[in-house]
Each structure stands twice: as C-alpha cells, then as structure tokens.
Amino acid sequence: LVLPDKTSLPIIIIPAIISFLFVIYKYKLFTMKFASSLIKGKLIKRYKRFFADIEVNNKTITAHCPNTGSMMGLLDTGNEVWLTKHDDPNRKLKFTLEMIKVQNNIIGVNTHRANKIVKDGLEKKIISEFKNIKNIKAEYKYSTDTRFDFLCDKKLIEVKNVTLTRENNLGEFPDTVTTRGAKHLNMLINSIKKGFDPYVLFLTQIQGINSFRIAKDIDPTYFEGFIKAKKAGVKFLAYNCRLNSKEIVIDKKIKFLDE
C-alpha cells in the first residue's frame, strides 16, 4: 500500500471538495425555498379579489390573496391552503395565500412569485432558451404605457403564471378575459420591428402538469392574439414546476398545444 505524499494530498482533496460543492450548487439551481415555514389551513372564501378567509387551528384569519385572476376551480370551501406570515408592522394583513391543494395537486397562486422563480431560472441558466444571455433587466420599460417582465440582451420576456387546470395533466391560460394580456401580445409583435426577440413564458405552478394550451373558450380574443403573434414571430414557451410546502422547484419544459 502506497500512501500519497503530502504534496499530492491537496491535488486529491481539492477536486473532491469542488465536486461536492458543485453537487450542492446544482441542487440549489433548481430550488426556490420559502423564506419561512408555511402555515397550513382550510379555505373558507375569497372575496373582493384580494382577501381570503382561512381557518387555521379553529380560528379564522384574513389573508392577502395575491392573484387578480378568477382562480377558476381553486376556491371550493374546505380546500387545503398554505400561507406565509409576515412580521412587517406596516402590513395590514399579516398573512399571504401561497398555495391551494385541489384534487391532490398543489397549485401556486401567488402571482408575485412567478417572476422571482423565472429570474432565478434565468440567473442560473435553468431555462434552456436563455442559457446564453449575459444581461438580465427586470421590469423593462418598453414604452410609456408598457413594461415587460424581463429584457435579456435583446430578448423580451413576458411571464404568465398558470393556475387553471380543467383536464388531467393539462394547464391552461387565461382563467378569465385578459385585455392586458392581449395588449401585451400586440406590443410584443410591435417589438420585432424594433429589433427585439420576444417571448411569452407560461409558468405552470401546478403539480402533475405535462402540457399546456391557451383557453380559447374563456378568452377567444386572447387566443386570436396568440395565433397572430406566433405567425409574426413571437415565441411561446411553457415550463412546469414541482411544489411542496417548503419550496418551488422548476421541473421541465412541457408540451405546448396550439389547438
């Protein structure tokens, strides 16, 4: 048995340490952990769009509902929900609705998290279409009345959080008529003339989703805008997430159905 001499020990140990750190880093690439433990409860009702009454430990608390959509299919009384608690003394509502469980699938309803998840993915090169970008600018002001979620080099990205699922393994957007979304499609078409490369990224924060489509029965105008934008050169992507009470994990690109 020949033991390595003192000089060769660092040569052996250092690569091992680097490999170990890479494994940890690679794991973190795909993870966005909640800053604090989530509180579990049961939904009583959502009202006035931004309020939700939740039963927690036999008490009723009112939480902020950070979702302007209809939340179709998510609001049955008794659905399990998860909340975050905030200690900011200036906040009137100390709790925020984060996720709802529907038919054994956890769904992320906090639309404010969608951009954070995507930004994390952009920075860590998770999203294959944007692996080679060098500069990321959030909330890019395209015109006096239009902002897009990201400008990455010359790539414009508009992010849409998807919470609607009416069929097994299928996510859909929108869950209500979206005139703002239709306007964004027209502006993305316009951006091509100015030398931009525009994208719409649908982030499906729904467990068990393998495909995505535009809900043309809910908003035919948005569907028509989608067809027009696609023909003009706007690119459309859909990515899935895995969710649990501790973290949101970007999973994979999923099939985009054009029908």
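Below, all heavy atoms of this structure are taken into account, side chains as well, without hydrogens, waters or symmetry copies.
Between K141 and R147, the shortest heavy-atom contact is CB-NH1, 3.8 Å. Closest of all the heavy-atom pairs between R46 and R49 is NE-O, 3.0 Å. The two atoms that bring G181 and K160 nearest to each other are CA-NZ, 4.0 Å, heavy atoms only. Scanning both residues, D175 and G69, for their nearest heavy atoms gives OD1-CA, 3.7 Å. The shortest heavy-atom contact between P174 and A215 is O-CB, 3.5 Å.
Using modelled atom types, one finds a donor on one side chain and an acceptor on the other under 3.5 Å when comparing R91 with T96.
Across T221, I227, D219, a single residue satisfies side-chain contact (heavy atoms from CB on, under 4.5 Å) together with F223, and that is I227. Screening L203, N161, T163 for a side-chain contact (heavy atoms from CB on, under 4.5 Å) involving T111 leaves a single residue, N161.
Taking the six-membered ring wherever Trp is involved, the centroid distance between the rings of F256 and F226 falls below 6.0 Å. Checked against the 6.0 Å centroid criterion, the rings of F173 and Y222 qualify as a close aromatic pair.
Between the side chain of N240 and the backbone N or O of K252 there is no donor-acceptor pair closer than 3.5 Å. Side-chain atoms of T204 come within 3.5 Å of backbone atoms of Y239 as a donor-acceptor pair (strictly under, hydrogens ignored).
In this structure, CD in E247 is found 9.0 Å from CZ in F34, a value given to the nearest 0.5 Å. With values rounded to the nearest 0.5 angstrom, L243 atom CG is found 12.5 Å from K101 atom NZ. Rounding to the nearest 0.5 Å gives a distance of 6.0 Å between CD1 of I209 and CG of N169. A distance of 8.5 Å separates NZ of K40 from NZ of K42, quoted to the nearest 0.5 Å. Distance check, rounded to the nearest 0.5 Å: CG of L97 to CG of L83 gives 6.0 Å. With rounding to the nearest 0.5 Å, the separation of CG in L74 from CD1 in I206 is 8.0 Å.
Hydrophobic clustering, with ILVMFWY side chains joined whenever heavy atoms are under 4.5 angstrom apart, keeps L164 apart from L237. Hydrophobic clustering keeps V56 apart from I44 (ILVMFWY residues linked when any side-chain heavy atoms are closer than 4.5 Å, directly or through intermediates). In the hydrophobic clustering of this structure, M71 does not group with L93; members are Ile, Leu, Val, Met, Phe, Trp, Tyr whose side-chain heavy atoms approach within less than 4.5 Å, directly or through other members. Side-chain heavy atoms closer than 4.5 Å link hydrophobic residues (I, L, V, M, F, W, Y) into clusters, and following such links, possibly through other members, connects I248 to I106. Cluster membership check: F202 does not share its hydrophobic cluster with I218, using side-chain heavy-atom separations under 4.5 Å among Ile, Leu, Val, Met, Phe, Trp and Tyr.
Within the 4.5 Å cutoff, side-chain heavy atoms of L38 are placed close to those of M99. The closest side-chain heavy-atom distance from V118 to L122 is below 4.5 Å. No side-chain heavy atom of K228 sits under 4.5 Å from any side-chain heavy atom of L185. By the 4.5 Å heavy-atom criterion applied to side chains, I54 and F95 are not counted as neighbours. By the 4.5 Å heavy-atom criterion applied to side chains, M72 and R166 are counted as neighbours. Considering only heavy atoms from C-beta on, F196 stays 4.5 Å or farther from F148 through its side chain. Between C152 and Y140, every side-chain heavy-atom pair lies at or beyond the 4.5 Å cut-off. Contact of the T146 side chain with the H184 side chain is registered, since non-hydrogen atoms from C-beta on lie closer than 4.5 Å.
With Y199 as the aromatic partner, K235 meets the cation-pi criteria of under 6.0 angstrom to the ring centre and within 45 degrees of the ring axis. Cation-pi geometry between K45 and Y47 is met: the NZ or CZ atom falls under 6.0 Å from the ring centre, inside 45° of the normal.
For N132, the CG atom is loosely surrounded, since the number of other residues' heavy atoms within 6.0 Å does not exceed 12. Within a 6.0 Å radius of CG in N168, other residues, nucleotides and ligands contribute 12 heavy atoms or fewer. Surrounding NZ of K94 are more than 12 heavy atoms belonging to other residues, nucleotides or ligands, all under 6.0 Å away. Summarising the local packing, NZ of K85 is surrounded by 12 or fewer heavy atoms from other residues, nucleotides or ligands at distances under 6.0 Å. Under a cut-off of 6.0 angstrom, the local environment of CG in N57 is sparse, with at most 12 non-hydrogen atoms contributed by other residues, nucleotides or ligands. The environment of K137 atom NZ is sparse: at most 12 non-hydrogen atoms of other residues, nucleotides or ligands sit within 6.0 angstrom.
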- List the steps and the verdict of side chain to side chain contact (heavy atoms under 4.5 Å, CB included) for I39 and I61. CA-CA 11 Å; I39 299 168; I61 62 173; 5.7 Å; no
- Stepwise, does the side chain to side chain contact (heavy atoms under 4.5 Å, CB included) test hold for L170 with S211? CA-CA 5 Å; L170 177 67; S211 57; 3.5 Å; yes
- Query: Do K155 and F150 pass the side chain to side chain contact (heavy atoms under 4.5 Å, CB included) test, and can you show the C-alpha distance, the side-chain angles, and the key distance before you say yes or no?
  - Reply: CA-CA 8 Å; K155 299 178 186 293; F150 297 99; over 6 Å; no
- Just do the side chain to side chain contact (heavy atoms under 4.5 Å, CB included) check on Q103 and T165 with the steps written out, would you? CA-CA 11 Å; Q103 296 180 352; T165 176; over 6 Å; no
Report all side-chain donor-acceptor pairs from residues 186-194 shorter than 3.5 Å, counting only partners two or more places apart or in another chain.
| residue | atom | partner | partner atom | Å |
| --- | --- | --- | --- | --- |
| N190 | OD1 | Y142 | OH | 2.5 |
| S191 | OG | L188 | O | 2.6 |

